[in-house]
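Below is one structure, written out as structure tokens; the observations come after it.
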Amino acid sequence: QVQLVESGGGLVQAGGSLRLSCVASGRTFSSYAVGWFRQAPGKEREFVSAITWSDGTYYADSVKGRFFISRDNAKNMMYLQMNRLNPEDTAVYYCAVTSRYYPGGGYARPPSYDYWGQGTQVIVSS
């Protein structure tokens, strides 16, 4: 079992920045790929970003160049730095981990992940 807890969400004005954090416990973190997803009211959960055990990174087109994912295996932490936020980024953000390897676009699919956090709310005001 892996437990994930997100933090860092909040209310920010358009154009601002936030850094989300996710701490993992229960298993060795370094062998997992880590993903961030988000879900806005009335919408499906969508992929935001992922980072593999070898530090390969993936981003949704909507956040590329604005969001940056990173991890600190020594601290069992992962981060999502979000810059130039806009109201369309408003959502509950979730971190997730998987021990499986997915070539291609597999890390962008929610069913690819084994464990999920409870989410942290991000609200971007215009």
Side-chain angles (χ1 to χ4, degrees):
Q1 288 288 334
V2 176
Q3 292 79 43
L4 302 171
V5 179
E6 304 94 336
S7 62
L11 174 64
V12 63
Q13 288 188 334
S17 298
L18 282 175
R19 188 176 83 153
L20 304 184
S21 300
C22 177
V23 60
S25 61
R27 286 273 181 93
T28 301
F29 181 66
S30 61
S31 60
Y32 284 81
V34 179
W36 284 98
F37 289 78
R38 66 187 181 186
Q39 189 165 17
K43 295 187 177 181
E44 293 186 353
R45 191 166 297 190
E46 67 171 357
F47 171 74
V48 176
S49 182
I51 184 167
T52 68
W53 61 271
S54 60
D55 289 342
T57 57
Y58 301 84
Y59 294 95
D61 288 343
S62 60
V63 306
K64 203 170 292 183
R66 300 189 298 123
F67 290 12
F68 300 94
I69 192 170
S70 61
R71 63 192 297 167
D72 185 339
N73 291 335
K75 297 181 180 179
N76 275 11
M77 295 287 296
M78 67 165 172
Y79 307 97
L80 185 68
Q81 177 66 43
M82 306 188 296
N83 302 322
R84 300 190 342 251
L85 286 160
N86 60 63
E88 289 71 37
D89 297 315
T90 294
V92 177
Y93 284 71
Y94 300 89
C95 63
V97 298
T98 179
S99 60
R100 291 167 284 176
Y101 171 67
Y102 293 102
Y107 292 112
R109 300 187 311 113
S112 298
Y113 293 81
D114 303 310
Y115 302 100
W116 292 81
Q118 293 301 306
T120 185
Q121 177 74 58
V122 172
I123 299 174
V124 184
S125 63
S126 57

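Please read these numbers as outputs of a predicted model, since none were measured by experiment.
Within the cation-pi definition used here (under 6.0 Å to the ring centroid, within 45° of the axis), R19 qualifies as a partner of Y79.
You'll find the side chain of I69 reaches within 4.5 Å of the side chain of Y59, heavy atoms only. M82 has its side chain out of reach of V48: every pair of non-hydrogen atoms, C-beta onward, lies at least 4.5 Å apart. A heavy-atom distance below 4.5 Å is found between the side chains of F67 and L85. Between V63 and R38, the closest side-chain pair of non-hydrogen atoms falls below 4.5 Å. The side-chain heavy atoms of Q81 and S70, taken from C-beta on, include no pair separated by under 4.5 Å. T98 is listed as a side-chain neighbour of Y107, based on a closest heavy-atom distance under 4.5 Å. The shortest side-chain heavy-atom distance between T90 and Q121 falls under the 4.5 Å cut-off. Residues L20 and E6 are not in side-chain contact: their nearest non-hydrogen atoms beyond the backbone lie 4.5 Å or more apart.
Nearest approach of V122 to G9, heavy atoms of both residues: CG2-CA, 4.1 Å. The nearest pair of heavy atoms linking P87 to S125 is CG-C, 4.5 Å. Heavy atoms only, all atoms of each residue included: A33 and T52 are closest at CB-CA, 4.0 Å. Listed here is the closest heavy atom pair of G106 and S112: O-OG, 2.6 Å. The two residues S17 and N83 come nearest to each other via the heavy atoms OG-OD1, 3.1 Å. The minimum heavy-atom distance between S99 and Y32, with the atom names listed, is N-CD2, 3.6 Å.
Atom CH2 of W53 sits in a sparse spot, with 12 or fewer heavy atoms from other residues, nucleotides or ligands closer than 6.0 Å. Crowding of Q118 atom CD: a count of heavy atoms from other residues, nucleotides or ligands under 6.0 Å not exceeding 12.
In terms of hydrophobic clustering, with Ile, Leu, Val, Met, Phe, Trp and Tyr side chains grouped at heavy-atom distances under 4.5 Å, Y115 and V92 are assigned to different clusters. Taking hydrophobic clusters as Ile, Leu, Val, Met, Phe, Trp and Tyr residues chained together by side-chain heavy-atom distances below 4.5 Å, W36 shares a cluster with F68.
Atom-to-atom distance recorded for E44:CD and Q39:CD is 8.5 Å, nearest 0.5 angstrom. Here OG1 of T120 is found 11.0 Å from CG of L80. Values are rounded to the nearest 0.5 Å. Here OG1 of T57 is found 9.5 Å from NZ of K64. Values are rounded to the nearest 0.5 Å. The distance from the CZ atom of R45 to the CZ atom of F47 is 14.0 Å, given to the nearest 0.5 Å.
In terms of the salt bridge (charged side-chain N to carboxylate O under 4.0 Å, His left out) criterion, K75 has no residue partners (sequence neighbours excluded).
With no hydrogens or angles considered, no side-chain donor-acceptor pair links R84 and N86 at under 3.5 Å.
Clustering of Ile, Leu, Val, Met, Phe, Trp and Tyr by side-chain heavy atoms under 4.5 Å joins L11 with I123.
The closest donor-acceptor contact from the side chain of S49 to the backbone of Y58 lies under 3.5 Å. Distance alone, capped at 3.5 Å, is enough to place a donor-acceptor pair between the N76 side chain and the A24 backbone.
In this structure, the ring of F37 has its center less than 6.0 angstrom from the ring center of Y113.
Taking the six-membered ring where the residue is Trp, W116 and Y94 present perpendicular rings, their angle passing 60° and hence far from 30°.
Counting only residues at least two apart or on different chains, the salt bridge (charged side-chain N to carboxylate O under 4.0 Å, His left out) pairs with a member in residues 91-104 are R100-D114.
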